Amino acid sequence: MEVVKIDQKSYIKFSKLLPSQWGDHFLNISITDSDFAVLAREMEVLKPKVRKNIFTFSSRDKDAMKRNILSIHVLDSLGLAYIFEKEIVETLKYAFEKIDELITDENDLYTVSIMFRVFRTYGHNMLSDVFNRFKRNDGKFKESLLEDVKGMLSFYEAVHFRTTTDHILDEALPFTLDYLEPLATVSRASPPHILMHIQNALYIPQHQKGQVLVAREYLSFYEEEKDHDDTILKLAKLNLKSLQLHYIQELKIITKWWRGLDYTENLPPGFRERTIECWFTGLMIYFEPQFSLGRIMLAKFFLMFTFFDDACDTSGSIPEVESMVNCLERWDSEYTENLQGHMKTALEFAMYLYKEYEEILKSQGRSFVLEKMIEELKIAGRANLDLIKWARAGQMPSFDEYVEAGGAEIGSYATMACSIMGLGKISKKEDFEWLLSRPKSVRYLANKARLIDDIMDFEEDMNKGYTANALNYYMIQHGVTKEAASRELHTMIGDINKIVNEECLMTTNISRPVLSQVVNFGRMVNILYTSDDVYNHREGKLKDYLTALLVDPIHL
């Protein structure tokens, strides 16, 4: 490590954030059991109809299977796949066994792209060489493809499932972008709903976006499609309306819990209530109604971890943070007497929350989870201390050393553990041991979280004098400009996405729901830090997302 001179006594001030514009908005919304019951009854009427129309057929000919796969894509995009998960898994398992027969003589770009996306979404490695049929003899993509807007858009979406060996998809990325980007800025080129669909995909592709945001956006698109299925559309609207009520109930629970804590009475000056941001972050990891308790637990974790992280970064000297980490290692409530001020409050808050988790886990017969959760928090605490020393004590790590520690410090592993805990009895002891073993997908997504967060926060970090930033360390280590370093970091992020896609196809010893939590962590990072720091900027994309999910009416 290189040693640089720095003021060891300089602390970072808490960033000022305006009071939440939502305030008591959701607390004042009245929701009754009958509101849920009415929606549930209507959904139960429609579910068998959708099931019969899609999954019940007399013969398994290839045309019928293709139609089913296209319908599965619609269900997935509308947020309905969890309702028909068993049928989807069985259908795709059978269909993939017939993959060669299915793709023979299939030359429709849209159909092939959808099939590719659906199979890879559910862990079936449909080979990317299927797209060779859309090339000319000279190796370039056929010009006739440019006449198919939906096909090109779906091809672009398929590109984001690429692995390190899908070279044809690397070629397809600039090809599809060169076609779609001009369309996104010329409103006359496409009907409004297709134009919006293109713009949404170019901002964040479906595969890299939180599933409930995909569902809300796709609903607006699908409703305008002339060939939409009225039964599926109605079920999707009822489902999203029901989810909207679930989400508002959760926000009421979390807001009341936060405001009722003793810890919130003595917050640092400038510390901000982020109940809705923390809940939204959890929502990006899982949106289904059966994981309502998991979202609440995850939102509480983010509230605690935000306070914990800010207290270390802003309130404590290096010796004080060292003391806090020592107390964290002991995990003894009586030992916290050695701490003072916000450092003591932060650790007590963490222990209070984990005691709450302990009671829930006991009731589920899953007490073994708590030990894993505590260990992940300790790892985050140690990494936090490393970063504070690097930022304040004149120690400068290598870029790789920083990214590895920074992924833990930002709470990546602790967040994944908490999200797996929220799955309830679906998650097993082996799943937490797998997480602690740091498989490639987990480790690389932690790196991604650190990189994308530091790119977003670079200017703010530098203005505050906080040097522990991946972009900063890369610039120093390689002697390059900010622009050159940023390009390199974005290339690394793209490579990470490929590796994670690859690992998901290769990982067979972990259940799909658990593996989905890891994938969804990456999606959450994309939502929080793509062109707008959603977690810290309430007037930007966060406002748009919350309005679409919780405020805008869904007309049944």
Side-chain angles (χ1 to χ4, degrees), residues 73 77 108-114 116-117 120 128 131-132 134-136 138-163 166-210 213-214 216-222 224-225 448 451-452 455-456 482-498 501 522-523 525-534 540-541 544-545 548:
H73 166 69
S77 299
D108 179 66
L109 180 62
Y110 178 80
T111 300
V112 172
S113 297
I114 292 295
F116 183 83
R117 292 164 60 187
R120 288 215 170 177
S128 59
F131 292 106
N132 280 322
F134 300 111
K135 281 189 168 186
R136 303 183 312 215
D138 63 0
K140 295 183 179 181
F141 289 106
K142 297 176 181 178
E143 292 181 356
S144 59
L145 299 178
L146 304 180
E147 299 172 5
D148 182 3
V149 176
K150 290 184 183 178
M152 286 292 287
L153 177 57
S154 194
F155 192 17
Y156 168 77
E157 293 276 15
V159 165
H160 294 88
F161 287 84
R162 59 188 168 151
T163 66
D166 291 317
H167 304 304
I168 190 171
L169 297 183
D170 291 334
E171 299 173 41
L173 180 58
F175 173 70
T176 53
L177 277 175
D178 287 346
Y179 172 78
L180 293 171
E181 287 181 335
L183 287 184
T185 59
V186 182
S187 59
R188 297 187 307 274
S190 303
H193 74 292
I194 295 180
L195 174 65
M196 182 60 69
H197 202 37
I198 294 171
Q199 291 171 342
N200 289 336
L202 291 177
Y203 184 65
I204 302 177
Q206 282 193 20
H207 181 52
Q208 296 180 355
K209 188 179 298 182
L213 293 178
V214 171
R216 191 65 182 91
E217 292 172 357
Y218 198 82
L219 178 67
S220 299
F221 165 78
Y222 187 68
E224 298 298 323
E225 287 284 88
K448 174 181 174 176
L451 294 175
I452 198 169
I455 292 171
M456 177 61 62
K482 173 193 169 186
E483 290 71 23
S486 182
R487 284 195 299 272
E488 288 300 316
L489 266 59
H490 277 105
T491 298
M492 293 176 194
I493 291 168
D495 291 341
I496 287 171
N497 291 334
K498 292 181 186 180
N501 287 336
R523 290 170 171 155
V525 169
N526 293 334
I527 293 297
L528 294 186
Y529 299 112
T530 296
S531 81
D532 182 15
D533 187 345
V534 168
K541 291 294 292 185
D544 295 338
Y545 291 144

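Quick caveat: nothing in here was measured; it's all calculated off a predicted structure.
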*Under the 3.5 angstrom rule, does the side chain of Glu157 hit a backbone N or O of Gln206 as a donor-acceptor pair?*
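The answer is yes, because a donor-acceptor pair under 3.5 Å joins these two groups.
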*Close aromatic pair by centroid cut-off 6.0 Å: Phe141 and Phe131*: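 Between Phe131 and Phe141, which both carry aromatic rings, the centre distance is not below 6.0 Å.
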*Quick one: are Lys135 and Asn132 in side-chain contact, heavy atoms under 4.5 Å?*
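They are in side-chain contact.
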*Side-chain touch Leu528/Met456, heavy atoms, less than 4.5 angstrom*: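 When only atoms from C-beta onward are counted, Met456 and Leu528 do not touch, as no gap falls below 4.5 Å.
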*State, to 0.1 Å, how close Asp166 and Ser128 come at their nearest heavy-atom pair, and which atoms those are.*
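In terms of heavy atoms, the two residues are closest at OD1-OG, 2.7 Å.
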_Please find the pair of heavy atoms, one from Asp148 and one from Asp108, that lie closest to each other, and give the distance._
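Heavy-atom minimum between the residues: OD2-OD1, 4.4 Å.
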*Qualifying residues under side-chain contact (heavy atoms from CB on, under 4.5 Å), relative to Lys142, sequence neighbours excluded*: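 Listed in chain order: Arg136, Ser144, Leu145.
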*With Asp178, which residues qualify under side-chain contact (heavy atoms from CB on, under 4.5 Å), at least two apart?*
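Asp178 satisfies side-chain contact (heavy atoms from CB on, under 4.5 Å) with no residue once adjacent residues are dropped.
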Return the set of residues passing side-chain hydrogen bond (donor to acceptor under 3.5 Å, both in side chains) with [X] (not counting sequence neighbours), or none when no residue passes.
| X | answer |
| --- | --- |
| Ser154 | Arg117 |
| Arg162 | Asp170 |
| Tyr110 | none |

_Aromatic plane relationship, Phe116 with Phe161 - under 30° parallel, 30 to 60° tilted, over 60° perpendicular_ =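 Rings of Phe161 and Phe116: perpendicular, as their planes differ by over 60°.
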*asked:* Check the orientation of Tyr218 and His73. Use parallel for under 30°, tilted for 30 to 60°, and perpendicular for over 60°.
replied: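 Correct class here is perpendicular.
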*Are more than 12 heavy atoms from other residues, nucleotides or ligands located less than 6.0 Å from atom CE of Met196?*
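For Met196, atom CE is not crowded (no more than 12 foreign heavy atoms under 6.0 Å).
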*Residues that Tyr156 engages under ring pair (Phe, Tyr, Trp, His ring centres under 6.0 Å), provided they are two or more places apart*: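 Once residues adjacent in sequence are excluded, the partners of Tyr156 under the ring pair (Phe, Tyr, Trp, His ring centres under 6.0 Å) criterion are His160.
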*Worked check of side chain to side chain contact (heavy atoms under 4.5 Å, CB included) between Glu217 and Phe221*: CA-CA 7 Å; Glu217 292 172 357; Phe221 165 78; over 6 Å; no
